[in-house]
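Below, chains carry the letters A, B, ... as their sequence lines are ordered, and counting in each starts from 1.
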Amino acid sequence: MSWMFMRGSLWKYLQSCQYGRTGNSLHHSPPAFFFNSEPEEVLCIDNPSASADEEMDSVVLFGVMRGNVVGLRYYTGVVSNNEMVALQREPANPYDRNAVKVNNVNGDQVGHIKKELAAAVAYIMDNHLAKVEGVVPYGANSAFTMPLQLSFWGKEENKQVVLDHLKRHGFKLAPMATGAGFGSNWITERAGPSYSAPVLPAVQMTAEQLRTEFDKLFEDLKEDDKTREMEPAEAVGTPLLPHQKQALAWMISRENSKELPPFWEQRNNLYYNTLTNFAVKEKPENVLGGILGDDMGLGKTLAAIALILTNFHDDKPFPVEMRKTNWSHQECNVTDKPGKCEKGNTNKLGKRKCEKDIGEHHKEATSCSFQHDTDFDLALAGPTTKLKKKATKKGTIVLQCNAKVVSEKKTRATLIVCPLSVLSNWIDQFEQHVKPDVHLNIYVYYGPDRSKDPAVLSKQDVVLTTYSVLTHDYGCRSDSPLHKVKWLRIILDEGHTIRNPNAQQTKAAVGLEAERRWVLTGTPIQNSLKDLWSLLSFFKLKPFADREWWHRTIQRPVTMGDQGGLRRLQALVKNITLRRTKTSKVNGKAVLELPERKVFIQHVTLSEDERQIYESVKNESRAVIGRYFNEGTVLTHYADVLALLVRLRQLCCHPHLAKNASFSGLPGDSTSEELREKLVNKIKLVLSSGADEECAICLDSLTFPVITQCAHVFCKPCICQVIHSEQPDAKCPLCRGELHLEHLVECPLEEPETAAVGKKDKEWLPSSKVSTLMHALIELRKKNPMIKSLIVSQFTSFLSLIETPLRKSGFVFARLDGSMTQKKRIEAIQCFQSSAPESPTIMLLSLKAGGVGLNLTAASRVFLMDPAWNPAAEEQCFDRCHRLGQKQEVIITKFIVKNSVEENMLKIQNKKRELAAGAFGTKKMSSSEMKQAKIKEIKSLIDM
DNA sequence: ACCGCCGGGTGCC
DNA sequence: ACCGCCGGGTGCC
């Protein structure tokens, strides 16, 4: 045994005493829910939608330990006590390939972690076994080294590997928040957020819950800045509704705000970020803008146009800007650097110092005590604006802000980016809402002839373009004039389209330069908190631009159920967002006074013949499903069960509908072509059955649905990831059946409706439900022939069947379903919305047709022919006519067949509504709970 | 003394 | 760094 070895061992032993915690706390088991909630958990699969590095869902805290940051004197980055730091591997370090850099929130290097610790941590970081994070608890002012609290976060399955690896290097992790030992409470006792282990299990909210909770934040707006109204500039030709005046006032206050951004406070001469405890000397810039997240139909476009014209910052008649610019700063020092007076420089007037931004000088009306000459004014204005001296009194100058564009960089132009589909809408709206005598320069940056000269763009008042053009130009960077102009204002319309942070389109939008930034969207949170992060990165809100800080301060705490995290999220969202839904209230008063909406349920009794068929199919189905229950294979036959239920639902509508509903059993020994066809039929059934199907892997709604050979439907990217990561013999997450990439079947594009289920008019037979509908329609026509109605069904073939009696009774109707081309849809909508006397009075509408924007306000009656699984889908459909522009009372009739699957569906709907009313942080059902819920649903649907 | 102790030189990775 | 570590100087009490 050599002497060196002795020494080394001793050293390691001492280290383990220094850093580690002894005692059984190490073996303290995590709360039971991490292990026990899913005894046969088959759905616990790596989330495929993001790389291991980014995916912070389902992580747990492995533990914490104390380490040291060394080499401080070689780096410029500084930290404050209690400040978060980032650890970054530096494999190319010539002295140590295990090197780990320590950076502050700003990204400046503070030092390295000590090499012995780095030797242990490097492996963990490189293999993504854990995310290692640091906080400097105290000693931030030390000259050479400082302590560092390290926390290790990762997936449960990696915990033991990490602990073992650290142990091999002589380190031990302590669980957080145990009172004993060296004051582990330090973190919670101090200012700033607490990052202790969460009290609630790591469960996620469903996207739906998240959206509901999000809306609750805005249920009844009472804040001053969100309820104050403001008249638009004269140039706006359309009178604004009260809520639009509120939007205008709020947007302008956001653009001119001098407040600190959220989570910053001033202490002494420094600005502190209260989340990370990062401190800076310079005042952090606030977002001059935000998210206008109003519901569809509340007039976001008009609000944005009013904003552009009202807060124009120009010598247009609006606002008539006579600015009295007075200077209170005795020490005013101006350089020719655009926009900034820099401390320490001199100007022609001598040595005067100023720390104010020039822009602020214009905006503020403060008193001034010395003379300026023209040169001074020009220098002050920088290359962007010219300040004309209007009058000079002793000690006071009145300057007119002339805003002549001198440079091509910074302009008065607003850039509006929108999807192509709404580009023409913007042009229309500008025409409609801007007074005709106002000459606003609008340039549509689109098409092959668009000018590539930034100077052309910067001369405009408004530049309109699309996300695709923006992204395309950004792709060939040298060719993107959009990215060369420093815009006065950018407005991203339908801003949720930038919710994928990795998408080129998002990067292209983030890459734009502007003073003021706006996002208009009806759905600020689509699916997850990640959506919000993309928006934040567009706003360049510090410190969230860096994903790590967003994760550590908000996203992870929230997903782990930490109350502090939720409060921070709420504060952040409230700060930058204005959102009103149709049901929002302002100081207790409804934002939008819509005509009343009444929902009636019309019970339908089946005829004897219909009842007979129904009962026989029901008994047959119960037998089949009962067998699945006995075998315990209900969920592996889920698609088949759905098919049976669909058949029953179709029988409630019309016996003909169920005739061609193919019910195929297990994919047995059929040929591959037959099998494929069966699978295609099944996936169509699952998707068209209106079941609110979720992908069992991402637990979100299906994107790119594909069906496996074992007849389970997943998102294509999700299941591909599973197959990829479980190679060579991947198993179906739902039934452990064999999985092969080449056997996945996609849902073929919806084919045009095969001529009304092949039934000719003469062969047509009525059904009880259709008769009830026709009776109602004819009664309605007698009462008022002008009233227009929507007839809604989930089964497009049912709509086709209904066409026959409509024709026979002389109704003029239009039709809208998923199989129609965009052009035909627009035609149908325009035709229906027309008030011409010969225009159709009836629209046959498939439940899910059209986006949220679909506007069918010409109708004031809705006949919902069959209930949907998800009440939200029905609501959305009703909103197509019960929205801004609806002048009449809206009456909705839901047809429900007595003693049938439909009645049971209603009960389930009511339960779902109750669930949706849960609170923020309500735990999401685990996948096994979800399975149980589904089984329960199936049972109650067919009275088992 | 193949030690201990002293005090100067020195200092991330 | 008001430390630790290194290595040279040194050596009874």
Next on the checklist: By the 4.0 Å heavy-atom rule, please label Leu72(A) as base, sugar-phosphate, or nothing.
Outcome noted: nothing
Checklist entry - Judged by atom type as modelled, is there a donor-acceptor pair below 3.5 Å linking the side chain of Ser480(A) to the main-chain atoms of Arg477(A)? => result no
Item to check | Distance in angstrom units between His112(A) NE2 and dC13(B) C1', rounded | outcome: 5 Å
Next on the checklist: Strictly by Watson-Crick or wobble contacts shorter than 3.5 Å, is anything paired with dA1(B), and which nucleotide is it?
Outcome noted: none
Item to check | Asn141(A) CG to dA1(C) C1', straight-line distance once rounded to whole Å | outcome: 16 Å
Item to check | Lys131(A)/Glu548(A) ion pair, N-O < 4.0 Å | outcome: yes
Item to check | Atom NE2 of His165(A) with >12 non-hydrogen neighbours under 6.0 angstrom | outcome: yes
Item to check | N/O donor-acceptor pair, side chain Tyr75(A) with base dC12(B), under 3.5 angstrom | outcome: yes
Item to check | Distance, C1' atom - from dC13(C) to dC2(B), rounded to whole angstrom | outcome: 25 Å
Item to check | Separation between the P atoms of dT10(B) and dC5(B), rounded to whole Å | outcome: 25 Å
Checklist entry - What does Asn93(A) touch in the nucleic acid at a heavy-atom separation under 4.0 angstrom: a base, only the sugar-phosphate, or nothing? => result base
Next on the checklist: If I take atom CD in residue Glu116(A) and atom C1' in nucleotide dC5(C), what distance separates them, rounded to the nearest angstrom?
Outcome noted: 12 Å
Checklist entry - With rounding to whole Å, what would you report as the distance between dC6(B) and dA1(B) at their C1' atoms? => result 15 Å
Checklist outcome for this item: Separation of dC13(B) atom P from Arg89(A) atom CZ, nearest Å, is 14 Å
Item to check | Nearest atoms (heavy-atom pairs only) where Gly139(A) meets Pro147(A) | outcome: CA-CD, 4.5 Å
Next on the checklist: For the CG atom on Asp164(A), are there more than 12 heavy atoms of other groups (residues, nucleotides or ligands in this structure) within a distance under 6.0 Å?
Outcome noted: yes
Checklist entry - Nearest of dA1(C), dC12(B), dC13(B) to any side-chain atom of Tyr74(A)? => result dC12(B)
Item to check | For dC12(C), the Watson-Crick or wobble counterpart (both distances under 3.5 Å) | outcome: none
Checklist entry - Stacking here means centres under 5.5 Å and planes under 30°; does Phe144(A) stack on dA1(C)? => result yes
Checklist entry - What integer distance in Å separates Tyr95(A):OH from dG11(B):C1'? => result 13 Å
Item to check | Value in whole Å for how far the P atom of dA1(C) lies from NZ of Lys114(A) | outcome: 15 Å
